[in-house]
Amino acid sequence: MCKKFFTRLFGGKRNPNSVAYRREMAQKIAGHSVRYVTERINDVDEVIGRKGSVDVRNGEFIVFASSEVILRCDVDQLEAWELLSKDGVVVTAPDKEHGGVTRTIIVYYVYYR
(Lines give C-alpha, C1' and ligand atoms only; values in the text may rest on other atoms or scores of the structure.)
Protein backbone atom coordinates (compact mmCIF):
# COMPACT_ATOMS: atom_id res chain seq x y z
CA MET A 1 0.00 0.00 0.00
CA CYS A 2 2.78 2.43 0.89
CA LYS A 3 4.50 1.75 -2.44
CA LYS A 4 1.36 2.63 -4.40
CA PHE A 5 0.98 5.85 -2.43
CA PHE A 6 4.53 7.02 -3.22
CA THR A 7 4.15 5.99 -6.86
CA ARG A 8 1.06 8.19 -7.22
CA LEU A 9 2.61 11.01 -5.20
CA PHE A 10 5.91 11.21 -7.09
CA GLY A 11 4.86 10.04 -10.55
CA GLY A 12 6.54 6.66 -10.48
CA LYS A 13 7.37 4.59 -13.51
CA ARG A 14 5.42 5.44 -16.65
CA ASN A 15 4.62 3.14 -19.54
CA PRO A 16 6.05 4.71 -22.72
CA ASN A 17 3.83 2.44 -24.85
CA SER A 18 0.59 3.80 -23.41
CA VAL A 19 -1.54 6.26 -25.35
CA ALA A 20 -1.65 8.62 -22.36
CA TYR A 21 2.16 8.80 -22.23
CA ARG A 22 2.39 9.43 -25.99
CA ARG A 23 -0.15 12.25 -25.80
CA GLU A 24 1.60 13.79 -22.79
CA MET A 25 4.98 13.63 -24.56
CA ALA A 26 3.54 15.20 -27.73
CA GLN A 27 2.15 18.12 -25.71
CA LYS A 28 5.48 18.51 -23.91
CA ILE A 29 7.38 18.71 -27.20
CA ALA A 30 4.85 20.89 -29.04
CA GLY A 31 5.65 24.56 -29.28
CA HIS A 32 9.42 24.22 -29.40
CA SER A 33 11.35 26.05 -32.09
CA VAL A 34 13.61 23.83 -34.17
CA ARG A 35 17.28 24.57 -34.77
CA TYR A 36 17.75 21.57 -37.07
CA VAL A 37 16.50 18.03 -37.74
CA THR A 38 18.67 15.00 -38.52
CA GLU A 39 17.96 11.49 -39.76
CA ARG A 40 20.34 8.54 -39.82
CA ILE A 41 20.82 7.46 -43.44
CA ASN A 42 23.36 4.70 -44.19
CA ASP A 43 24.86 5.01 -40.67
CA VAL A 44 25.44 8.76 -41.10
CA ASP A 45 23.38 11.48 -39.40
CA GLU A 46 22.31 13.86 -42.15
CA VAL A 47 20.65 17.23 -41.59
CA ILE A 48 17.24 17.14 -43.31
CA GLY A 49 15.84 20.46 -42.12
CA ARG A 50 16.66 23.74 -40.39
CA LYS A 51 14.70 26.49 -38.63
CA GLY A 52 11.18 25.38 -37.95
CA SER A 53 8.76 24.27 -35.28
CA VAL A 54 7.04 21.30 -33.66
CA ASP A 55 3.27 21.34 -33.28
CA VAL A 56 0.21 19.20 -32.55
CA ARG A 57 -2.87 19.87 -34.70
CA ASN A 58 -6.06 17.84 -35.03
CA GLY A 59 -4.48 14.83 -33.32
CA GLU A 60 -1.41 14.89 -35.55
CA PHE A 61 2.19 15.54 -34.52
CA ILE A 62 3.97 17.74 -37.09
CA VAL A 63 7.65 18.63 -37.45
CA PHE A 64 8.09 21.59 -39.81
CA ALA A 65 11.54 22.76 -40.97
CA SER A 66 13.16 24.27 -44.08
CA SER A 67 9.72 25.40 -45.31
CA GLU A 68 8.38 21.85 -45.54
CA VAL A 69 6.78 19.18 -43.38
CA ILE A 70 9.55 16.83 -42.27
CA LEU A 71 7.32 14.38 -40.36
CA ARG A 72 3.56 14.10 -39.81
CA CYS A 73 1.99 11.30 -37.77
CA ASP A 74 -0.87 10.51 -35.42
CA VAL A 75 -0.09 11.43 -31.81
CA ASP A 76 -1.23 7.97 -30.66
CA GLN A 77 1.48 6.30 -32.82
CA LEU A 78 4.29 8.62 -31.73
CA GLU A 79 7.30 7.23 -29.89
CA ALA A 80 9.41 10.04 -28.47
CA TRP A 81 12.06 10.50 -25.84
CA GLU A 82 14.12 13.51 -24.89
CA LEU A 83 17.87 13.69 -25.24
CA LEU A 84 19.73 13.61 -21.92
CA SER A 85 20.87 17.18 -22.52
CA LYS A 86 17.21 18.25 -22.96
CA ASP A 87 18.35 20.04 -26.15
CA GLY A 88 16.12 17.93 -28.35
CA VAL A 89 14.01 14.85 -28.86
CA VAL A 90 14.20 11.58 -30.79
CA VAL A 91 10.98 10.78 -32.64
CA THR A 92 10.01 7.45 -34.21
CA ALA A 93 6.68 7.17 -36.03
CA PRO A 94 4.99 6.11 -39.26
CA ASP A 95 5.27 9.23 -41.43
CA LYS A 96 2.05 10.12 -43.26
CA GLU A 97 3.91 12.73 -45.29
CA HIS A 98 6.22 10.11 -46.84
CA GLY A 99 3.86 7.21 -47.52
CA GLY A 100 3.56 5.74 -44.03
CA VAL A 101 7.20 4.66 -43.74
CA THR A 102 8.39 4.42 -40.12
CA ARG A 103 11.14 6.98 -39.63
CA THR A 104 13.38 8.01 -36.76
CA ILE A 105 14.47 11.63 -36.64
CA ILE A 106 16.25 13.77 -34.08
CA VAL A 107 14.88 17.27 -33.53
CA TYR A 108 17.26 19.77 -31.92
CA TYR A 109 15.66 22.76 -30.21
CA VAL A 110 16.66 26.40 -30.45
CA TYR A 111 18.23 27.32 -27.13
CA TYR A 112 17.00 30.50 -25.51
CA ARG A 113 18.40 32.02 -22.32
Side-chain angles (χ1 to χ4, degrees):
M1 174 157 156
C2 190
K3 184 177 179 181
K4 288 182 182 180
F5 173 74
F6 282 110
T7 301
R8 280 186 294 191
L9 184 63
F10 296 110
K13 189 174 178 181
R14 296 181 182 167
N15 181 5
N17 294 323
S18 70
V19 174
Y21 179 83
R22 292 173 186 212
R23 290 178 182 172
E24 179 184 328
M25 195 64 174
Q27 290 302 321
K28 185 176 183 180
I29 299 167
H32 279 95
S33 296
V34 173
R35 183 170 33 155
Y36 60 93
V37 181
T38 64
E39 182 175 21
R40 182 160 289 190
I41 300 171
N42 297 327
D43 294 329
V44 177
D45 283 342
E46 295 185 15
V47 176
I48 58 173
R50 294 182 186 277
K51 295 184 182 176
S53 63
V54 180
D55 200 8
V56 175
R57 291 187 185 168
N58 300 326
E60 290 185 333
F61 181 81
I62 302 168
V63 178
F64 183 80
S66 296
S67 300
E68 64 181 64
V69 176
I70 301 294
L71 180 113
R72 182 172 59 94
C73 69
D74 291 328
V75 170
D76 295 347
Q77 296 178 335
L78 173 73
E79 292 180 28
W81 56 95
E82 290 183 306
L83 300 176
L84 290 175
S85 63
K86 303 291 186 196
D87 287 344
V89 65
V90 179
V91 176
T92 300
D95 187 5
K96 290 181 171 181
E97 200 68 23
H98 296 93
V101 176
T102 300
R103 296 174 62 202
T104 300
I105 62 172
I106 304 172
V107 179
Y108 294 90
Y109 306 141
V110 173
Y111 180 71
Y112 293 108
R113 283 190 176 211

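Scanning for side-chain hydrogen bond (donor to acceptor under 3.5 Å, both in side chains) contacts around R72 gives E60, E97, with sequence neighbours left out. For the salt bridge (charged side-chain N to carboxylate O under 4.0 Å, His left out) test, no residue two or more places apart in sequence or in another chain qualifies with R22.
Of the residues V47, L83, V37, the one that meets the side-chain contact (heavy atoms from CB on, under 4.5 Å) test with I106 is L83. Evaluated for a side-chain contact (heavy atoms from CB on, under 4.5 Å) with C73, the options V75, L71, D76 yield exactly one hit, L71. Partner of R35 under the side-chain contact (heavy atoms from CB on, under 4.5 Å) criterion, chosen from Y111, Y108, Y109: Y108.
Linking ILVMFWY residues whenever their side-chain heavy atoms come closer than 4.5 Å, directly or via other members, leaves Y36 and I105 in distinct clusters. Connection of V56 to I70 is established within a shared hydrophobic cluster, with ILVMFWY side chains joined at heavy-atom distances below 4.5 Å, either directly or through further cluster members. With hydrophobic clusters built from ILVMFWY side chains whose heavy atoms lie under 4.5 angstrom apart, V107 does not share a cluster with I62.
For the pair S66 (side chain) and R50 (backbone), a donor-acceptor distance under 3.5 Å is present.
Taking CD from Q77 and CG from D95, the interatomic distance works out to 11.0 Å, rounded to the nearest 0.5 Å. Taken from CD1 in I48 to CD in E68, the straight-line distance is 8.5 Å, to the nearest 0.5 Å.
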Test side chain to side chain contact (heavy atoms under 4.5 Å, CB included) on E82 and M25 and set out the steps.
-> CA-CA 9 Å; E82 290 183 306; M25 195 64 174; 3.6 Å; yes

Assess whether side chain to side chain contact (heavy atoms under 4.5 Å, CB included) is satisfied between V54 and F61, documenting all intermediate values.
-> CA-CA 8 Å; V54 180; F61 181 81; 3.3 Å; yes

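Residue N17 places its CG atom among more than 12 non-hydrogen atoms of other residues, nucleotides or ligands, all under 6.0 Å distant.
Summarising the geometry of H32 relative to I29, their closest heavy-atom pair is ND1-O, 2.8 Å, with the distance given to 0.1 Å.
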